[in-house]
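Heads up, the thing below is written out as structure tokens.
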Amino acid sequence: MVSKKIGVLLINLGTPDSPNPKDVYKYLLEFLTDKRVIDFGWLKRNLLVRAIIVPARYKNSARTYQAIWDKEKGSPLMYHSQELAKKVQAQLGDDYIVELAMRYQQPSIEYAINQLQNKKVDRIVVVPLYPQYASSSTGTVLDKVMEITKKDLSVPDLSLIKSYYDFEPFIDAWVTQIKKYDYKKYDKIVFSYHGVPFRHLIKEDKSKNICKPQSACCNIMTNENKFCYKAQCHATTRAIVDKLQLDASQYEIAFQSRLGKEVWIEPYTVHRLPELAKEGKKNLLVVAPSFVADCLETLYEIQVELEELFVAAGGEKIQLVESLNSNELWTNAVCELIKQR
């Protein structure tokens with residue numbers, strides 16, 4: 001009797017091969033020319049990215065990568081993701097074959113799928129390491145998987161996981177992570193999610209009348225907004241704070257990593273943290289539940305850049321809650337997610 005094996009494809013964003021400017025340039029070019037990340041027409045997108053954004057940003061980006069790069073292990077996002085893949089493989093056992101891929105740079109999604117095919121798996125479960133669905137994150141991962149597999153009729157059946165923003169084991173992993181700190185002693189807990197341009201939400205709003213910049217439609221999950229990135233971020237936060245028994249005065253939600261001058265999801269973390277300092281909030285606990293592995297956005301943007309702005313405005317300290325990385329509860333959550341498929 002032939003034993004059946006299930007392939008598991010864990011996919012994260014990606015990282016430069018090194019923090020050198022040349023490698024950072026190559027990474028940013030691939031990332032920002034993705035039509036789902038900057039969703040302009042091909043000509044406008046390429047002119048903007050190749051002639052303006054990347055030439056203006058890559059050297060400074062290289063310096064920030066150098067600040068977080070581990071001399072022995074390399075990129076934090078990469079080594080945390082690799083460790084997670086190893087632990088998931090060990091827990092799932094021999095009936096599963098786990099491969100890690102990055103949407104941008106190496107190891108590529110195509111390489112990982114080829115590895116799974118070579119190992120004769122009967123089915124592939126695709127797990128984007130983005131808990132909340134956005135077109136520019138999970139959407140582009142699933143696009144790339146389908147682009148690769150549609151060319152090959154021998155590819156095994158695929159099971160695509162789009163989101164798990166309220167998956168209880170995922171929520172429990174974050175709750176446990178936050179409880180490592182005396183979280184109620186902080187003046188405020190800020191849940192900071194990666195931002196996206198607001199027009200991305202408008203494009204995803206099939207009803208064309210739900211999503212508005214200042215609306216409170218994200219305060220409850222409905223059939224109309226259940227696929228909305230912002231609504232899913234709010235739902236993740238509600239699930240966490242319910243378990244922590246926090247009231248509305250103890251926390252708030254903001255969005256980071258804005259690029260350019262157009263309107264992104266508000267409020268912006270870069271504005272709210274200095275405002276909180278001016279309101280007398282001296283010590284903040286910052287949680288970033290859209291990042292399951294520590295990376296540039298957590299280790300540098302929050303811990304360095306945003307803390308500097310906060311202190312300059314009169315605050316004292318930002319304490320970042322580490323991402324889930326490859327801890328035991330997160331490993332268990334990923335395995336449970338896979339087994340349910």
Side-chain angles (χ1 to χ4, degrees), residues 1-15 17 26-27 29-37 39 42 75 77-78 80-165 167 169-170 204 227 229 232 292-293 326 330-341:
M1 182 176 178
V2 178
S3 63
K4 292 188 175 183
K5 289 194 178 287
I6 297 173
V8 175
L9 181 55
L10 303 179
I11 306 177
N12 213 329
L13 176 74
T15 181
D17 292 335
K26 183 172 70 170
Y27 166 73
L29 203 61
E30 183 182 0
F31 174 35
L32 295 175
T33 52
D34 184 339
K35 64 183 178 181
R36 278 193 181 251
V37 174
D39 56 338
W42 182 90
S75 163
L77 181 139
M78 179 64 78
H80 286 310
S81 299
Q82 290 171 333
E83 188 64 22
L84 175 67
K86 289 177 185 176
K87 289 183 177 180
V88 169
Q89 178 66 81
Q91 184 163 325
L92 289 176
D94 293 340
D95 290 337
Y96 294 80
I97 303 293
V98 179
E99 289 288 337
L100 173 69
M102 297 289 157
R103 174 60 183 88
Y104 310 105
Q105 299 298 286
Q106 304 302 321
S108 71
I109 294 174
E110 185 166 18
Y111 171 81
I113 290 174
N114 286 339
Q115 289 292 100
L116 291 173
Q117 285 184 273
N118 290 340
K119 293 170 183 176
K120 309 299 182 185
V121 300
D122 297 279
R123 183 178 187 81
I124 299 175
V125 181
V126 180
V127 188
L129 294 174
Y130 308 107
Q132 302 84 16
Y133 175 88
S135 173
S136 55
S137 56
T138 309
T140 186
V141 162
L142 300 184
D143 269 1
K144 192 66 176 179
V145 169
M146 298 310 296
E147 175 191 320
I148 292 164
T149 57
K150 72 181 180 182
K151 305 179 214 174
D152 186 353
L153 296 178
S154 67
V155 170
D157 290 342
L158 297 172
S159 180
L160 309 174
I161 296 176
K162 288 187 66 174
S163 66
Y164 40 93
Y165 61 91
F167 185 53
F170 163 71
E204 296 290 323
F227 300 118
Y229 173 71
Q232 291 188 1
V292 297
S326 61
W330 173 226
T331 301
N332 293 344
V334 173
C335 291
E336 185 63 28
L337 197 64
I338 292 162
K339 288 176 180 178
Q340 288 189 10
R341 292 302 178 105

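Hydrogens, waters and symmetry mates play no part in the numbers below; they use all other heavy atoms, side chains included.
Across every non-hydrogen atom of V88 and T331, the tightest pair is N-CG2, 4.0 Å. Nearest approach of S75 to T15, heavy atoms of both residues: OG-OG1, 2.9 Å. M102 and M78 get closest at one heavy-atom pair: CE-SD, 3.7 Å. Shortest non-hydrogen contact noted between L116 and I97 is CD2-O, 3.5 Å. Contact detail for S326 and H80: the closest heavy-atom pair is CB-O, 4.1 Å.
For residues 124-135, no residue pair satisfies the salt bridge (Lys or Arg N to Asp or Glu O under 4.0 Å) rule, not counting sequence neighbours. Applying the salt bridge (Lys or Arg N to Asp or Glu O under 4.0 Å) rule to pairs touching residues 137-151 yields R36-D143, K144-E147, sequence neighbours excluded.
For the atom pair CD of Q340 and CZ of F167, the computed distance is 4.5 Å after rounding to the nearest 0.5 Å. Taken to the nearest 0.5 Å, the CD1 atom of I109 stands 4.0 Å off from the CD1 atom of I11. Summarising the geometry, atom CG belonging to L337 is positioned 7.0 Å from atom CZ belonging to R341; distances are rounded to the nearest 0.5 Å. The distance from the OG atom of S135 to the OH atom of Y229 is 12.5 Å, given to the nearest 0.5 Å. From Q82, atom CD reaches atom NZ of K86 across 6.5 Å, with rounding to the nearest 0.5 Å. Of the inter-residue distances, the one linking K35 atom NZ with S136 atom OG reads 14.0 Å to the nearest 0.5 angstrom.
L92 is listed as a side-chain neighbour of K339, based on a closest heavy-atom distance under 4.5 Å.
Under the side chain to side chain contact (heavy atoms under 4.5 Å, CB included) criterion, Y111 pairs with P107, S108, Q115, not counting sequence neighbours. Partners of K119 under the side chain to side chain donor-acceptor pair (under 3.5 Å) rule, at least two apart in sequence or in another chain, are E99. When the ring-ring contact (aromatic ring centres under 6.0 Å, His included) test is applied to Y165, no partner is found at least two apart in sequence or on another chain. Among residues two or more places apart in sequence or in another chain, the side chain to side chain donor-acceptor pair (under 3.5 Å) test is passed with D34 by R103, Y104, T140. Listed by chain and residue number, nothing satisfies the side chain to side chain donor-acceptor pair (under 3.5 Å) test with E110 (two or more places apart in sequence, or in another chain). With sequence neighbours excluded, no residue satisfies side chain to side chain donor-acceptor pair (under 3.5 Å) with S137. Shown here are the side chain to side chain contact (heavy atoms under 4.5 Å, CB included) partners of I6, two or more places apart in sequence or in another chain: Y96, V125. Every side chain to side chain contact (heavy atoms under 4.5 Å, CB included) that Q105 has, sequence neighbours left out, goes to D17, K26, Y27, E30.
Within the 3.5 Å criterion, the main-chain N or O of K5 finds no donor-acceptor partner in the side chain of D95.
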For residues 126-134, which side-chain donor-acceptor pairs fall under 3.5 Å, sequence neighbours excluded?
residue, atom, partner, partner atom, Å
Y130, OH, L13, N, 3.3
Q132, NE2, T236, OG1, 3.1

In residues 154-162, what donor-acceptor pairs under 3.5 Å come from side-chain atoms, sequence neighbours left out?
residue, atom, partner, partner atom, Å
S154, OG, Q117, NE2, 3.4
S154, OG, D152, OD1, 2.6
S154, OG, D152, OD2, 3.2

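The local environment of CG in D94 is sparse, with at most 12 non-hydrogen atoms from other residues, nucleotides or ligands closer than 6.0 Å.
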side-chain contact (heavy atoms from CB on, under 4.5 Å) assessment of V292 paired with V334
CA-CA 11 Å; V292 297; V334 173; over 6 Å; no
